[in-house]
Number of protein chains: 2
Amino acid sequence: MLTAVSTETSDAVRKTLEYVRHHRLAKGDRLPSERNLSDRFGVTRSSVREALAVLDAMRITERKAKSGIFLRNTPDEGGLDALVLQADLGVTFDAQLTRDAIEARIICEEQAFRLACQRRTEADLAKLHGLLDTYAALAANGRNMADEDVEFHLAVAAASQNRILVRTITPLMLMSTRGRRRYFESAALRQRSLDDHRAFYAAIEARDEAAATALVHSHVYTAAADIWALNEAAAVAQDAGTPDKQT
Amino acid sequence: MLTAVSTETSDAVRKTLEYVRHHRLAKGDRLPSERNLSDRFGVTRSSVREALAVLDAMRITERKAKSGIFLRNTPDEGGLDALVLQADLGVTFDAQLTRDAIEARIICEEQAFRLACQRRTEADLAKLHGLLDTYAALAANGRNMADEDVEFHLAVAAASQNRILVRTITPLMLMSTRGRRRYFESAALRQRSLDDHRAFYAAIEARDEAAATALVHSHVYTAAADIWALNEAAAVAQDAGTPDKQT
DNA sequence: GGCCTTGATCTGGCCCTACCAGATTGGTAG
DNA sequence: CTACCAATCTGGTAGGGCCAGATCAAGGCC
């Protein structure tokens, strides 16, 4: 299930997980030292360290220098996401996957917005209002608001009080970072985005689920489509520069 | 954004990604050799290899033995998911996160089922029918159908023809693997699950979106809640055995 | 006894060399 | 131009070593 071929490293990953399972280690518990795991698994420390690097990257363990290896106690965010990294690296997704991402984002955001209408707290509103102010200021100065756009949408998702939903939407937004940055190079689109965000805020404040739903379908769909179109165009232009050497 | 502290390994990850970006490498392209990257980055091959292990685990690169390191050309599945691994390792999520996961799963599956009704192909129906037969046979023999349950739900998601949705739903289902296995130890629940799956199939075959939506809300909600309850109960029982040593 | 210093030991981070066997490649003979 | 072969390169793995901070128990001090 994990990997097709079995390397010492992937073995070490598997065996480490097995160890944790078998010994019923709980969050915060300490694993044996690298040297211990090394001869316990019958592989070199190098392989163990590679495995731990993987577990570290996905926030399963935490290696504290000169102290030990500990099971993380938080299903925390901050880990790397494959699709996001690939998108960031300029990997060109096929058109279907692009459409899928937009569709999935609309599905998740629509429900997140709906729940945000029901559950938003005053703190959420204040947070969103602050982001909106920043957004307006940037728009007025003709600055690129790509990062703030993501931040706003994630703040709305956070107002749904559903952390899993936030975690789900995050990569769907970050997948289109490149295109989004280009999207905000247009003054007209900056203005439209600002207007839409204001409408989003108003709907959430008024707990107007119908309006929020409609907004997601119109704004997110068109914006996401535009962003992805720009993303693809940039990728194509890039591919022209470095011809694709498929196997 | 990646990691708070800067280690040689995380540096190597970052520098490798930078290299790919800067050199405009496209999918399938080959990266410099480990030894090359090593002295290019000014770190040892060990560190480079740890970084590559991370990139490998998240399906960014592919290391072909005795050949080279290549950028993966598929935003493919199969990578490890942090939440899934943590759930599998028995990390106890707080009750809120559990509710969030159920809610998110219902949101995504409801739409996936709806789309499956619209888009399912004959091949999808055949696939689902085959899974249903297996499911019924297992149920008749009193076998645990936990894995097949996941497989069926993912097959339905696949029938939506949206790969991102499949990718999104997968971890949401696998997060509750432990509880699901216990769930299927009950003969009554096995029967109920079989009945529900048959209803699912019927709704998809008849393209009855309303029925599918209703089923998701009833079946998935109750089943997921039961599964998670068992999950939590097992985790608590386990914690009793190995007391939690919080920092 | 209780508290604090101290030193041996352990640990992760990093570096270095070496060997293996298959993949790759460049050149040579036909 | 093709077929073949040997030098070279590559990732996989092993095993050693050094460093400096963390850890912890022994022993001394009050």
Side-chain angles (χ1 to χ4, degrees), chain A residues 2-17 19-20 23 25 27-73 245-247, chain B residues 2-17 19-20 23 25 27-73 245-247:
Chain A
L2 298 186
T3 48
V5 292
S6 169
T7 66
E8 296 285 346
T9 298
S10 63
D11 267 8
V13 170
R14 193 169 38 72
K15 285 179 179 174
T16 304
L17 293 175
Y19 179 94
V20 172
H23 288 73
L25 293 192
K27 38 190 174 182
D29 280 354
R30 181 178 159 179
L31 278 72
S33 72
E34 296 180 349
R35 292 168 175 86
N36 187 315
L37 292 176
S38 168
D39 58 38
R40 184 189 296 269
F41 296 158
V43 299
T44 56
R45 188 151 86 104
S46 314
S47 300
V48 171
R49 279 190 62 79
E50 285 188 36
L52 291 176
V54 171
L55 295 179
D56 242 34
M58 50 192 48
R59 297 289 195 267
I60 300 297
T61 62
E62 183 176 7
R63 292 188 282 179
K64 290 187 179 176
K66 292 134 197 161
S67 176
I69 308 158
F70 303 87
L71 262 193
R72 272 189 195 270
N73 48 18
K245 312 189 244 325
Q246 282 288 54
T247 51
Chain B
L2 299 186
T3 48
V5 292
S6 169
T7 65
E8 296 287 345
T9 298
S10 64
D11 266 8
V13 171
R14 193 170 38 73
K15 286 179 178 173
T16 304
L17 293 175
Y19 180 93
V20 172
H23 288 74
L25 293 191
K27 40 190 173 182
D29 280 354
R30 179 178 164 179
L31 278 71
S33 71
E34 297 180 349
R35 293 168 176 84
N36 188 315
L37 292 175
S38 168
D39 57 38
R40 183 189 297 270
F41 297 157
V43 298
T44 57
R45 187 151 87 106
S46 313
S47 299
V48 170
R49 280 190 61 79
E50 284 189 35
L52 291 176
V54 171
L55 295 179
D56 241 35
M58 49 193 48
R59 299 287 194 268
I60 300 296
T61 61
E62 183 176 7
R63 292 187 284 180
K64 290 188 178 175
K66 291 133 197 160
S67 175
I69 308 157
F70 303 86
L71 261 192
R72 271 189 193 272
N73 48 17
K245 311 190 238 337
Q246 282 288 53
T247 49

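A note on names: the letters A, B, ... follow the listed sequences, proteins ahead of strands, and every chain is numbered from 1.
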Rounding to an integer number of Å, can you tell me how far B:L37 CG sits from D:dT10 P?
10 Å
Taking the minimum atom-to-atom distance to the side chain of B:E34, which one of D:dG12, D:dT13, D:dT10 wins?
D:dG12
Kindly compute the distance separating CZ (A:R63) from OG1 (B:T7), expressed to the nearest 0.5 Å.
7.0 Å
Considering only heavy side-chain atoms of B:R30, the closest of D:dT10, C:dT11, C:dC15 is D:dT10
Does OP1 or OP2 of D:dG12 have a side-chain N or O of B:R49 closer than 4.0 Å?
yes
Sugar-phosphate only, base, or nothing, as touched by A:I69 at under 4.0 Å among non-hydrogen atoms:
sugar-phosphate
Rounding to a whole Å, what distance do you find between A:N36:CG and C:dT9:P?
19 Å
Tell me which nucleotide among C:dC15, C:dG13, D:dA22 gets nearest to the side chain of A:R45.
C:dG13
Measure from the side chain of B:R63, starting at C-beta and using heavy atoms only, and say which of D:dA14, C:dC14, D:dG12 lies closest.
D:dG12
Salt bridge between A:R49 and B:E8, side-chain N to carboxylate O under 4.0 Å?
no
Proximity to the side chain of A:K66 - top-ranked nucleotide from C:dG12, D:dG12, C:dC15:
C:dG12
Base, sugar-phosphate or nothing for B:S46? Non-hydrogen atoms, less than 4.0 Å.
base
If you look at every heavy atom in B:E34 and B:L52, which pair is closest and at what distance?
CG-CD1, 3.7 Å
Knowing that exactly one of B:L31, B:N36, B:L37 qualifies, which makes a side-chain contact (heavy atoms from CB on, under 4.5 Å) with B:S33?
B:N36
Atom-to-atom span, CG of B:D39 to C1' of C:dC16 - whole angstrom:
14 Å
Rounded interatomic separation in angstrom, taking CG from A:L31 and C1' from C:dC10
16 Å
Give the rounded distance in Å between these two atoms: CG of B:D11 and P of C:dC15.
10 Å
Round to the nearest Å and state the distance from B:E8 atom CD to C:dC16 atom C1'.
15 Å
5′-ward residue of the pair B:T44/A:G68 relative to DNA chain C
A:G68
Scanning both residues in full, the closest heavy-atom pair of B:E50 with A:A53 reads OE1-CB, 3.8 Å
So what does B:S67 hit on the nucleic acid, given a heavy-atom distance under 4.0 Å: a base, only sugar-phosphate, or nothing?
sugar-phosphate
Among D:dA14, C:dG13, D:dG12, which nucleotide sits nearest the side chain of A:S47?
D:dA14
If you take atom types as modelled and just measure distance, does the side chain of B:R35 reach the base of D:dG11 with a donor-acceptor pair under 3.5 Å?
yes
